[in-house]
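Structure record follows, encoded as structure tokens.
The figures that follow rest on heavy atoms only: side chains count, while hydrogens, waters and symmetry mates do not.
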Amino acid sequence: MSNYLSEHNFPEDLRTMDYDELELLSYELRDFLVDSVSKTGGHLASNLGIVELAIALHRSFNTPEDKIIWDVGHQTYVHKILTGRIDGFENLRKLGGMSGFPKAADSEYDVFDTGHSSTSISLGLGLAAARDLKKEEYKVVSVIGDGAMTGGLAYEALNNAGSMNTNLIVVLNDNGMSISPNTGGLSSSLGRITSTDKYMHMKTQVKKGFSKVPMIGESVISGIHNAKENIKYAVIDGILFEELGFKYIGPVDGHDIKEMCQTLERAKAIKGPVLIHAVTKKGKGYSKAEENPDVFHGIGPFDVETGKALKKSSAPSWSSVFGCRLTEMAAEDSRIVAVSAAMIDGVGLEKFQSRYPKRLFDVGIAEEHAVSFSAGLAKAGLRPFVAIYSSFLQRAYDQIAEDVCLQNLPVVFCIDRAGVVGADGETHHGNFDISYLKSLPNMTVFAPKDGEELERMMECALALDGPCAIRYPRGTAPDLKKPNDIAPGRSFQLKRGSDAEIWAAGAMVSQALKAADILKREGISASVINMASLKPLDEKKLAASGTRYPLVLTVEDGAVSGGIGETVKAFLADSPAKVINLGWPDKFIEHGTQEELYAKYHLDADSIANTVAANVHR
């Protein structure tokens with residue numbers, strides 16, 4: 001560990017270091033980030049891009065008394081280092097180790113637990129309003145990326161902040177990226193702002209020229225400040241924020257620590273809401289990340305010299321199975337279109353985009369709009385496949401209910417990252433989609449046991465006349481060698497037994513099959529049912545199980561509360577069978593590998609077998 005990182009007391013020492021020292025610190029921070037994340041995996045490119053900005057924020061504000069709210073949260077590694085948590089990086093994102101996102105329980109410098117985008121302005125405005133009512137004096141800074149600014153919640157907050165006229169500083173970190181390259185009108189507008197070379201050149205030349213004039217140079221620069229602002233206002237699109245009631249400052253170089261500090265000091269003196277437009281480069285300082293910021297957005301352990309992942313499975317991921325099959329289906333059916341919320345590569349749609357660019361719609365980080373937009377596509381006769389991570393789809397619950405299910409429109413929700421996702425933790429686990437989808441009228445819900453079953457479910461969903469959701473986990477898709485004829489309300493027996501029956505959903509099918517093998521060695525005969533269709537259930541087969549087996553065990557990679565197991569238990573309430581439900585408990589699940597979390601919460605094969613053995617009547 002470098003001297004600067006190990007010998008200083010951050011953030012206090014930032015406020016006494018000169019700008020040359022801070023510049024050296026930025027290099028050492030980047031070296032540490034690359035070396036550390038190469039061993040643990042994590043979000044690298046976004047953190048490399050925010051080094052100078054994080055330094056400037058903690059130098060200019062009296063944290064933790066002053067509040068900094070980080071949007072999304074995955075870009076807070078530098079913030080964690082500068083608030084005394086460098087030792088935690090050895091176990092970053094590991095079970096029991098430090099989270100890769102802000103966590104208020106871990107540090108007084110982390111104001112909110114954040115993991116989803118577009119929230120920081122709303123959160124900051126709430127803090128500022130409470131501060132004013134309580135007659136307190138602290139500053140509030142909301143940091144938000146240009147990708148997150150494509151989300152409607154950000155504009156609801158901007159609109160409200162402008163009308164309240166309270167002191168709030170918003171720092172727009174503009175790196176031109178979310179995970180996929182940004183799209184849409186705002187991205188184009190910000191691009192025009194940052195590429196207005198005439199204005200930036202004029203600004204630099206004016207400052208240089210007048211600073212050389214003896215005695216009066218600085219006063220002249222100060223005197224033309226208002227004129228310069230008027231010119232800027234006419235030349236670039238800062239008017240967007242000014243019309244919302246913000247004082248707009250920028251664009252400024254987000255990698256120039258001195259300029260950022262001076263800009264932040266200026267913003268602190270302004271009454272009312274201020275927006276600082278800082279331009280940064282995602283992946284800055286590590287060439288591999290600069291060249292491929294999307295690859296290094298979130299990455300596992302890698303070789304620093306080559307930038308290549310240290311271990312890569314040859315088996316296809318669930319996302320790639322989905323993307324490849326959808327591309328094949330699109331060749332056969334011109335009605336098929338794909339919709340993504342700024343996650344084209346993340347959900348496996350890169351091949352579809354290459355083959356059918358006009359039939360892929362990337363709407364930005366705007367899940368609510370993605371769903372309502374897809375309802376419009378379906379109403380006009382197209383067949384949209386909406387690919388969104390489970391935890392992000394939560395944001396569009398109302399649109400799913402009102403705009404899709406109420407209209408009974410054939411929108412297919414391809415729900416990636418269902419269940420626990422591993423190291424990203426609480427904000428990214430997809431444990432609630434079964435609970436909130438199965439209660440909606442007209443909705444069909446599928447959960448595939450393997451890659452081939454995912455493909456069959458996609459084909460079935462295309463043939464349906466109403467909405468359908470297919471949920472599948474993160475990671476590689478297994479091949480269980482038992483293809484099934486998928487249909488709503490149909491389940492499949494994979495193993496026959498006499499002592500108990502395990503009804504398993506999706507990712508839990510492979511665990512249930514292993515559990516049955518363990519039980520067999522212990523002299524217990526367990527049947528295994530692949531539920532496949534979570535809504536509607538296979539009620540005929542379920543009713544027979546309730547009379548045939550003394551024990552029926554449900555296993556799902558979703559929350560027990562409101563989950564499919566509760567539906568099974570209610571259906572079998574009058575049967576002689578004892579029904580036990582396994583799934584995620586009524587809490588937010590911490591970060592850790594999927595295997596570690598399965599074991600900890602009794603969802604792995606050994607735990608399932610133990611539960612059956614403890615309850616079966618031999």
Side-chain angles (χ1 to χ4, degrees), residues 179-181 183-184 294 315-364 366-367 369-390 392-393 396 399-400 403-404 407-418 443-448 450-474 476-477 479 483-488 532:
I179 295 177
S180 299
T183 61
D294 53 338
S317 68
W318 288 96
S319 303
S320 65
V321 171
F322 157 72
C324 289
R325 184 60 190 132
L326 188 65
T327 304
E328 294 168 352
M329 290 169 63
E332 302 162 1
D333 192 329
S334 61
R335 299 175 301 164
I336 291 176
V337 292
V339 178
S340 167
M343 295 289 289
I344 292 173
D345 291 350
V347 297
L349 285 172
E350 59 270 32
K351 182 180 289 187
F352 189 101
Q353 181 185 41
S354 175
R355 189 77 56 85
Y356 304 108
K358 293 184 178 179
R359 292 164 66 181
L360 172 66
F361 300 95
D362 185 351
V363 301
E367 291 82 7
H369 167 61
V371 174
S372 294
F373 172 73
S374 298
L377 293 170
K379 190 73 172 180
L382 298 181
R383 289 302 177 102
F385 282 70
V386 186
I388 297 177
Y389 286 8
S390 174
F392 299 158
L393 189 62
Q399 288 72 29
I400 297 171
D403 298 335
V404 176
Q407 326 295 326
N408 198 27
L409 292 171
V411 176
V412 183
F413 296 97
C414 299
I415 307 175
D416 206 328
R417 269 57 167 186
M443 177 67 80
T444 297
V445 183
F446 289 135
D450 59 15
E452 184 171 355
E453 200 160 87
L454 170 57
E455 294 178 339
R456 301 294 84 78
M457 288 175 178
M458 292 169 64
E459 295 159 10
C460 178
L462 180 62
L464 297 178
D465 291 326
C468 181
I470 309 171
R471 69 182 308 268
Y472 44 93
R474 182 179 190 173
T476 57
D479 182 2
N484 293 309
D485 186 13
I486 298 297

Is the shortest side-chain N to carboxylate O distance from Arg456 to Glu459 below 4.0 Å? yes

Minimum heavy-atom separation for Thr476 and Ala315, please, with both atom names. CG2-O, 3.7 Å

For Gly346 and Ser319, which heavy atoms make the closest approach, and how far apart are they? O-OG, 3.6 Å

Evaluate the side-chain proximity of Leu326 to Ile336: yes if any heavy-atom separation is below 4.5 Å, no if none is. yes

Test item: Leu409 and Lys379 side chains (from C-beta on) under 4.5 Å apart, heavy atoms: yes

Under the criterion side chain to side chain contact (heavy atoms under 4.5 Å, CB included), I'd like the reasoning laid out for Ser320 against Lys351: C-alpha separation, chi angles, the key distance, then a yes or no. CA-CA 9 Å; Ser320 65; Lys351 182 180 289 187; over 6 Å; no

CD1 of Ile344 to CG of Asp362, rounded to nearest 0.5 Å, is 4.0 Å

Taking the side chain as C-beta and beyond, is there a heavy-atom pair between Phe322 and Ile470 under 4.5 Å? no

Atom CE of Met343 and atom CD1 of Ile388: how far apart are they, to the nearest 0.5 Å? 10.0 Å

Please name the pair of heavy atoms, one in Pro448 and one in Arg471, separated by the smallest distance, quoted to 0.1 Å. CD-O, 3.1 Å

Answer whether the closest heavy-atom distance between the side chains of Asp465 and Pro410 falls below 4.5 Å. no

I'd like to check Thr327 versus Tyr356 (side-chain heavy atoms, cut-off strictly below 4.5 Å). Are they in contact? yes

Close side-chain approach of Met458 to Val412, heavy-atom, < 4.5 Å: no

At what distance, to the nearest 0.5 angstrom, does CD of Glu455 lie from CG of Asp450? 9.0 Å

Testing the basics here: between Met443 and Ala469, what is the closest heavy-atom pair and its distance to 0.1 Å? SD-N, 3.7 Å

After noting the C-alpha distance and the side-chain angles of Glu367 and Leu393, does the key distance pass the side chain to side chain contact (heavy atoms under 4.5 Å, CB included) rule? CA-CA 6 Å; Glu367 291 82 7; Leu393 189 62; 5.7 Å; no

Is a side-chain N or O of Asp416 found less than 3.5 angstrom from the main chain of Tyr389, in a donor-acceptor match? no

Do Phe446 and Pro488 have side-chain heavy atoms sitting under 4.5 Å apart? yes

Donor-acceptor contact present, side-chain Ser354 to main-chain Glu350, <3.5 Å: no

Should the ring pair His369 and Phe373 be called parallel, tilted or perpendicular, given that the plane angle runs from 0 to 90° and is split at 30 and 60? tilted

What's the shortest heavy-atom distance between Ser374 and Val339, and which atoms? OG-CG2, 3.5 Å

Testing the basics here: between Gly466 and Asn408, what is the closest heavy-atom pair and its distance to 0.1 Å? CA-OD1, 3.5 Å

Would you call Arg359 and Phe352 a side-chain contact if the rule is heavy atoms closer than 4.5 Å? yes

Please check if the side chain of Arg383 supplies one atom and the backbone of Leu462 the other of a donor-acceptor pair under 3.5 Å. yes

How are the rings of Tyr472 and Trp318 set relative to one another: parallel (under 30°), tilted (30 to 60°) or perpendicular (over 60°)? parallel

Check Val386, Asp403, Leu377, Ile400 against Val411 for a side-chain contact (heavy atoms from CB on, under 4.5 Å) and give me the one that passes. Val386

Once you round to the nearest 0.5 Å, how far does CG of Leu360 lie from CZ of Arg355? 13.5 Å

